[in-house]
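Contents: one structure, followed by commentary.
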Amino acid sequence: MPPDPIQVRYAGGIHLPGMDLWLDPHRAKSTAFVSHAHADHFAKHETIICSERTHALIRKRYGAPKSKVIPLAYGERYGFNEDYHLYLLPAGHIFGSAQIYLTRISDGATLLYTGDFKVRQSYSAELIEAEKADTLIMETTFGLPHFRFPPTEEIVASIVKFCRETLEENEIPILFGYSLGKAQEILAALTDARLPVMLHKTVYDMTTVYEQFQETLPEYTKLDFKAPGGHVLIMPPSVGRSQAVRRLRNTRTAMLSGWALQSSAIYRYQVDAVFPLSDHADYPGLMEYVARVQPKLVYTLHGYAAEFARDLREQGTEAWSILTDNQLDLDLAVDREIGEIRRDSQESRVDCEVAVLSDVSQAVAETTGKRKKTELLANYFRTLSPANLQRATLFLSGKIFIEPTQRRALGTGWAVVRKALLKVSGMNLARYRDISQAQSDAGRTTFLVLNGVTRPTAVSLTELEDVFVSLANAQGPVAKNEIICDVLGRLHPSEGRLVVQILTNDLRIGLKEGLLEEAIAQAFEQPVATVREAHMLLGNLGQTAAAAHAKTLNTLSLQPFTPVKCMLASPEPTAVAIWDRLGCESNEVWLEDKLDGIRAQFHCVDGRTELFSRDLRSLEGEFPEVIQAGQAFQDNMVLDGELIAYAEGKKLSFFDLQKRLGRKRLNGDLFFGEAIPVRFVAFDLLWCNGHSLLKEPLVERRRLLDELDLPEHFAIVPVEKAANADAIEDAFKQARLRDNEGLIAKDPQSPYALGRRGKSWLKLKKAMATLDVVVVYAEQGHGKRSHVLSDYTFAVRDTETEQLLVIGKAYSGLTDVEIEDLTEHFTKHTLGKSGNKREVEPNVILEIAFDSINPSKRHNSGYALRFPRIKAIRQDKTIDDIDTLANVRKLAEG
DNA sequence: TGAGGAACATC
DNA sequence: GTCGGAG
DNA sequence: CTCCGACGATGTTCCTCA
C-alpha cells in the first residue's frame with residue numbers, strides 16, 4: 001500500500017501543512033525553505049532553511065539576516081521534527097541553489113521541490129542531482145516543447161563571436177545578465193576566450209563572493225565608465241537604461257536569457273543581439289528531469305505550468321499546475337529582477353490598429369535618443385489615413401478630442417481605473433497592491449494585472465475614440481467603470497496598458513509634444529518650425545498633423561474663435577537682471593503690473609464673443625457677464641489679458657476669484673448679488689479687424705490696443721516705461737503697494753511669440769520672508785521619485801501649547817542628492833508608519849520660501865503657504881530655532 | 001441629508 | 001504656480 | 001535655453017456611502 005502523498009497547498013506560496021513549512025514564499029513566514037539567493041526568494045522569515053552557500057551569498061548581499069538560519073550542506077540530513085526529515089540537493093540554477101527533499105518517517109512518503117533549476121552542467125553552479133520521489137514540485141518556466149536550447153558550447157561560441165566582432169570594430173560589447181548567477185555564468189563561460197572583462201558594480205560585488213568558491217573565473221575589473229573601450233561589459237539588465245550606460249557611445253548590446261528563443265526577444269529587450277543562455281531548464285531538460293525522479297504526482301509552477309502538466313498527463317504521469325491563478329505572484333518577482341515579462345502571449349495578440357499604436361508607443365518608450373524616436377514615429381505616421389493620423393497623434397500626446405473646444409475631461413483617474421482592473425482580472429486588492437508596488441509603474445502594473453485574463457479582439461482607432469467619447473459622456477464612476485471594463489476585456493494586455501496610460505493621463509513614454517512636432521515634420525517633409533507654429537495656432541496636434549499631411553501648414557493663420565497658445569514670461573529674481581536682459585537692446589523696458597487672476601483670451605467678431613482660458617478651454621459658463629459685455633466692442637479683435645476679481649474701492653484677490661472658477665451653474669444672484677465681480681484687463685492685441693498682429697512689435701500692438709473703446713467689465717493694463725534698473729525697482733515697489741504680485745517686463749520691440757516662455761517677457765515677483773520649519777512627516781514620491789521619500793510635511797511651533805502644528809508640504813527646491821540624503825535620514829528616524837506616510841523625528845529644519853500665507857483648513861496650524869518651496873536644509877538649526885505660530889500669524893496679517 | 005473622496009482646473 | 005535636471 | 005516631470009494650495013462638481 002503506497003503512502004498518501006505529502007500534502008501540498010498553495011496560499012500565496014507553496015505550503016506544506018503537515019509540517020508547516022513554506023517553500024520560497026514571497027512574504028515573511030515562520031519557517032521557510034529558500035532555494036537560492038535571488039532577492040525575490042528571500043523574505044524576513046523567522047526561520048530560514050537554505051544551503052550554506054546560499055547563506056553565504058545572502059549574508060554578503062543583504063547583511064546578516066535577522067532570521068534564524070539553518071544552513072545545510074548538500075546531502076546533510078536534518079531532522080525537521082519527529083515525523084519529518086529533510087536534506088538539500090544542488091539545483092544547478094545558480095551557485096548555491098538547492099532542491100529540498102523531504103521524507104515523512106512514519107510512512108516513508110517523499111517529496112522533492114526543485115526551486116529554480118537547470119539540468120545542464122553550467123560553468124558557475126553545481127551540477128544538479130535528482131532522486132526518486134513520490135511527489136515532485138517543479139518549476140516549468142520553459143514548459144513548451146519549442147523551448148530547446150542549443151548546446152551550451154554553441155551558445156557560448158556565438159557570444160564570444162559577438163564580443164570579438166564588436167571589439168574588432170572598435171565598439172563595446174555589453175552583455176546583460178542578472179547580477180547574481182547569470183553574470184558569473186557569462187564570466188566563467190568567457191574564461192577560454194581570454195577577453196578583457198569589466199563588471200558593473202553590482203555584478204562586481206557579487207562576483208567577489210563567487211570567487212571565494214571558484215578558481216576558474218577569468219580576470220575582471222570594475223566597470224570604469226571613462227575607459228570602457230576594448231572590454232566586454234557585463235551588467236544587469238536593469239542598469240541598461242540608466243543614464244550612465246546610455247551615454248556610452250559605440251556600444252552593441254546583447255541580452256542573455258532563455259527567452260532569446262522567441263523571435264520577438266530582440267525587439268522586446270531593445271538590444272542588438274540575444275543569446276539563449278539560461279539558468280533554467282529547457283523543455284527537454286524538464287522532461288529528462290521528471291524521468292529521473294519518477295514521481296507519482298507532479299505539481300508545476302512558473303511559466304507554462306498548465307501546458308507542461310498537460311503534457312506530463314498525456315505521458316501517463318499525474319501532473320497539475322499548482323494553481324495557475326496564483327502564478328503571477330511568483331512570476332512577478334522574477335520579472336522584476338530580470339526585467340522580463342514572463343508569459344509571452346504574443347500568440348493571442350490580435351493584429352489591429354490599436355495593437356500597432358501600442359507597439360509604437362512601447363517602442364518609443366524603450367527607444368532612447370530623439371532621432372530614433374522621431375524616425376520611428378514618422379514612419380508610423382506615414383502609414384496612416386488622415387483621420388487615423390489625427391487620432392494617433394492625439395492619443396500619443398495623451399489627448400482625446402480632435403476639436404480643442406469640444407475638449408472634455410474623461411473623469412477617469414486611478415481610482416476608477418484600478419477598480420476596473422480589479423474587476424476585469426478578478427484579482428484581490430492585496431495582490432494588486434503587491435504588483436503595483438513591486439512595479440511602481442502604471443503601465444507595467446496594468447500589463448501584469450491584465451495578462452492572460454482578457455479576450456483580445458481587433459479594435460480600431462475609431463472604436464477607441466468612441467470609447468473615449470462615451471467615457472467623457474458617461475455620468476459617474478459606476479458607468480465609467482463599466483465602459484473601461486468592457487474595453488479592457490476586449491484588448492490584449494499590451495493594448496490595455498496603453499489605454500490605461502491614456503485614461504489616467506500618464507503615458508510616460510518620453511514623448512513630449514515637441515518630439516511629436518518633429519516627428520510630424522519629418523513624416524511629411526515640412527520644416528519643424530512651421531509645424532510648431534501651426535500647433536500653436538491650432539492648439540491641437542491632431543489637426544496639426546492633418547494639416548502637415550495635407551501640406552496646408554503655410555496657409556494657417558490666427559483665426560478668431562480658435563484660441564492660440566499664449567505667450568509666457570520667464571521668472572527673473574531682480575530688477576538688475578531684468579534690465580540686463582531687456583534694457584541693452586532697446587534702452588527701454590516696458591513694465592506692467594503682474595495681476596493675480598487667470599489668464600484669458602477674448603475673441604470678438606461682429607458682436608459674437610468668446611472667452612478662453614490659458615489652456616484653450618472655453619470660459620463661457622464661468623464668466624458670462626464678461627462675454628456679454630464684450631459684445632459692445634465696435635472692433636473685431638483677439639485680446640490677451642487677465643481676468644481678475646475687481647470691485648471699486650475694495651481689495652479683491654485671487655482667493656476671491658477662485659470661487660468663480662470651474663462653476664457650471666451660475667445662479668441668478670451669483671453675479672448680481674453676492675458674486676465676486678470680475679473684469680478682463682487686456683495687455684495685448686493679437687488680431688484686429690482682419691489682420692494678425694503676431695509679428696508686429698509690441699509698440700505697434702499696444703498702439704492699436706490703446707485705440708479701442710472699452711465696454712463695461714473691460715480695462716487695459718497701464719504701461720510704465722523704465723530706462724534703468726532703478727526705475728524697474730521703483731515700479732516694482734509701486735506694484736506691490738497696489739497689491740499686485742509684481743511686474744511683467746517686456747521688450748517693446750518684441751513680436752508675440754505663441755506659447756513661448758521666452759526672453760522677451762520677464763516676470764519679477766516679490767520675495768517674502770522665509771520660514772524655518774521642522775519636518776514631521778515624510779512620504780514616498782511618484783514616478784522617478786517612487787523610491788525616495790520626497791514629500792515633506794512640515795510644522796511650526798505653537799508656543800502656547802508647545803505643540804508642533806503643520807503648515808504645509810513641499811519637495812520643490814531640493815536637488816536629487818539632497819532628497820536621497822534626506823530619504824536615508826528619515827528612514828532611520830521613522831517614528832511610525834501609516835500607509836506611505838511616515839511620521840519622523842522632528843529633527844530636520846527646512847527654510848521655506850513662499851509667496852503668501854493664508855488662513856486654511858487644510859493644516860492644523862490654521863494656515864497654509866502659497867507656492868511653498870524649500871530654500872535650504874538648515875543643518876545649523878535645531879527644532880528650538882523654528883518659527884512660531886505667532887510669527888506666522890503676524891506674517892499672514894502683515 | 002451631509003460628510004468625504006475623486007477628478008479636474010486655476011494659480 | 002514652484003523647482004531641478006537633461007538634452 | 002527650453003522642455004519636462006514632480007511637486008504645492010485651493011476652489012467647484014459630482015458621486016458615494018453612512
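For the numbers below, each heavy atom of this structure counts, side chains included, while hydrogens, waters and symmetry mates do not. We name chains A, B, ... by the order of the sequence lines, and we start the count at 1 in each one.
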Checklist entry - Heavy atoms under 4.0 Å, any strand shown: does A:Leu865 hit a base, just sugar-phosphate, or nothing? => result sugar-phosphate
Checklist entry - Does A:Ser790 put a side-chain nitrogen or oxygen below 4.0 Å from OP1 or OP2 of D:dC7? => result yes
Checklist entry - With a non-hydrogen cut-off below 4.0 angstrom, is A:Arg581 in contact with a base, only sugar-phosphate, or nothing? => result sugar-phosphate
Checklist entry - Heavy atoms under 4.0 Å, any strand shown: does A:Ile870 hit a base, just sugar-phosphate, or nothing? => result nothing
Item to check | Phosphate contact (D:dC15 OP1 or OP2) by A:Lys480 side-chain N/O below 4.0 Å | outcome: no
Item to check | Cation-pi geometry met for A:Arg866 and A:Phe655 (6.0 Å, 45°) | outcome: no
Checklist entry - Of the candidate nucleotides D:dT16, B:dC11, B:dA7, which contains the atom at the shortest distance from the side chain of A:Val416? => result B:dA7
Checklist entry - From the list D:dG8, D:dT12, B:dT10, which nucleotide is the closest neighbour of the side chain of A:Ser613? => result B:dT10
Next on the checklist: Assuming nearest nucleotide by heavy-atom distance, tell me which of A:Ile807 and A:Gly662 is located more 5' along DNA chain D.
Outcome noted: A:Ile807
Next on the checklist: Does a side-chain N or O of A:Arg869 approach OP1 or OP2 of C:dC3 to a distance below 4.0 Å, or not?
Outcome noted: yes
Next on the checklist: Check this one for me: any side-chain N or O of A:His782 less than 4.0 Å away from OP1 or OP2 of D:dG5?
Outcome noted: no
Checklist entry - With sugar-phosphate meaning primed atoms plus P, OP1 and OP2, does A:Asp816 contact a base, only sugar-phosphate, or nothing at under 4.0 Å between heavy atoms? => result sugar-phosphate
Checklist entry - Touch check for A:Thr412, heavy atoms < 4.0 angstrom, all strands: base, sugar-phosphate only, or nothing? => result sugar-phosphate
Next on the checklist: Heavy atoms from C-beta onward define the side chain here; which of C:dC3, D:dT16, D:dC7 lies closest to that of A:Asp791?
Outcome noted: D:dC7
Checklist entry - NE2 of A:His535 to CG of A:Leu516: how many Å apart, nearest 0.5 Å? => result 9.0 Å
Item to check | Side chain of A:Arg858 (C-beta onward), nearest among D:dC7, B:dC11, D:dT10 | outcome: D:dT10
Next on the checklist: Within the 4.0 Å heavy-atom criterion, would you say A:Lys419 contacts the bases, only the backbone, or no part of the nucleic acid?
Outcome noted: nothing
Item to check | Phosphate OP1/OP2 of C:dG1 contacted by A:Arg599 side-chain N/O (<4.0 Å) | outcome: no
Checklist entry - Would you say a side-chain N or O of A:Lys763 is under 4.0 Å from OP1 or OP2 of C:dG1? => result yes
Checklist outcome for this item: Rounded to whole Å, CD of A:Glu779 lies from C1' of D:dG8 at a distance of 13 Å
Checklist entry - Within the structure shown, what part of the strands sits under 4.0 Å from A:Lys594 by heavy-atom distance: base, sugar-phosphate, or nothing? => result sugar-phosphate
Checklist entry - Charged N to carboxylate O below 4.0 Å: is that the case for A:Arg599 and A:Asp640? => result yes
Checklist entry - Once you round it to whole Å, what is the distance between C1' of B:dC8 and CG of A:Asp506? => result 16 Å
Next on the checklist: Without decimals, in angstroms, what is the distance between A:Leu595 CG and C:dG1 P?
Outcome noted: 12 Å
Item to check | Residues A:Asp816, A:Arg785: salt bridge by 4.0 Å N-O rule | outcome: yes
Checklist entry - Hey, does the side chain of A:Lys512 come within less than 4.0 Å of D:dC4's phosphate (OP1/OP2), counting only N and O? => result no
Item to check | Toward the 5' end of DNA chain D, by each residue's nearest nucleotide, A:Gly758 or A:Leu661 | outcome: A:Gly758
Checklist entry - Any side-chain N or O of A:Arg785 less than 4.0 Å from the OP1 or OP2 oxygen of D:dA6? => result no
Checklist entry - Which part of the nucleic acid, if any, lies within reach of A:Phe655 when heavy atoms closer than 4.0 Å are counted: base, sugar-phosphate only, or nothing? => result sugar-phosphate
Next on the checklist: With a 4.0 Å cutoff (strictly under), does any side-chain N or O of A:Arg757 reach OP1 or OP2 of D:dC1?
Outcome noted: no
Checklist entry - For the pair made of CG in A:Leu616 and C1' in B:dA9, what is the distance, rounded to whole Å? => result 14 Å
Checklist entry - For the side chain of A:Gln658, counting heavy atoms from C-beta on, which of B:dC8, D:dA6, D:dA9 is nearest? => result D:dA9
Next on the checklist: Distance check needed: D:dC1 C1' versus A:Trp761 CH2, whole Å only.
Outcome noted: 19 Å
Next on the checklist: So A:Lys857, base contact, sugar-phosphate only, or nothing? Heavy-atom distance under 4.0 Å.
Outcome noted: nothing
Next on the checklist: Can you classify the ring geometry of A:Trp761 versus A:Phe683 as parallel (below 30°), tilted (30 to 60°) or perpendicular (above 60°)?
Outcome noted: perpendicular
Next on the checklist: For a quick check of understanding: with a heavy-atom distance under 4.0 Å over all strands, which category does A:Lys759 fall into, base, sugar-phosphate or nothing?
Outcome noted: nothing
Checklist entry - Of the candidate nucleotides B:dT10, D:dG11, C:dT2, which contains the atom at the shortest distance from the side chain of A:Lys659? => result D:dG11
Next on the checklist: Check the orientation of A:Phe680 and A:Phe602. Use parallel for under 30°, tilted for 30 to 60°, and perpendicular for over 60°.
Outcome noted: tilted
Checklist entry - Whole-Å distance between D:dG5 P and A:Ile819 CD1? => result 16 Å
Checklist entry - Can you tell me how far C1' of C:dG5 sits from NZ of A:Lys784, to the nearest Å? => result 6 Å
Checklist outcome for this item: Of all heavy-atom pairs linking A:Asp883 and A:Asp772, the shortest is OD2-N, 2.7 Å
Checklist entry - Within this structure, what is the CG-to-P distance between A:Leu568 and B:dT10, rounded to whole angstrom? => result 14 Å
Next on the checklist: Of the options B:dA7, C:dT2, B:dT10, whose atoms approach the side-chain atoms of A:Ile598 most closely?
Outcome noted: B:dT10
Checklist entry - For the rings on A:Tyr792 and A:Phe826, is their centre-to-centre separation under 6.0 Å? => result yes
Item to check | Proximal nucleotide (of D:dT16, B:dT10, C:dT2) relative to the A:Pro477 side chain | outcome: D:dT16
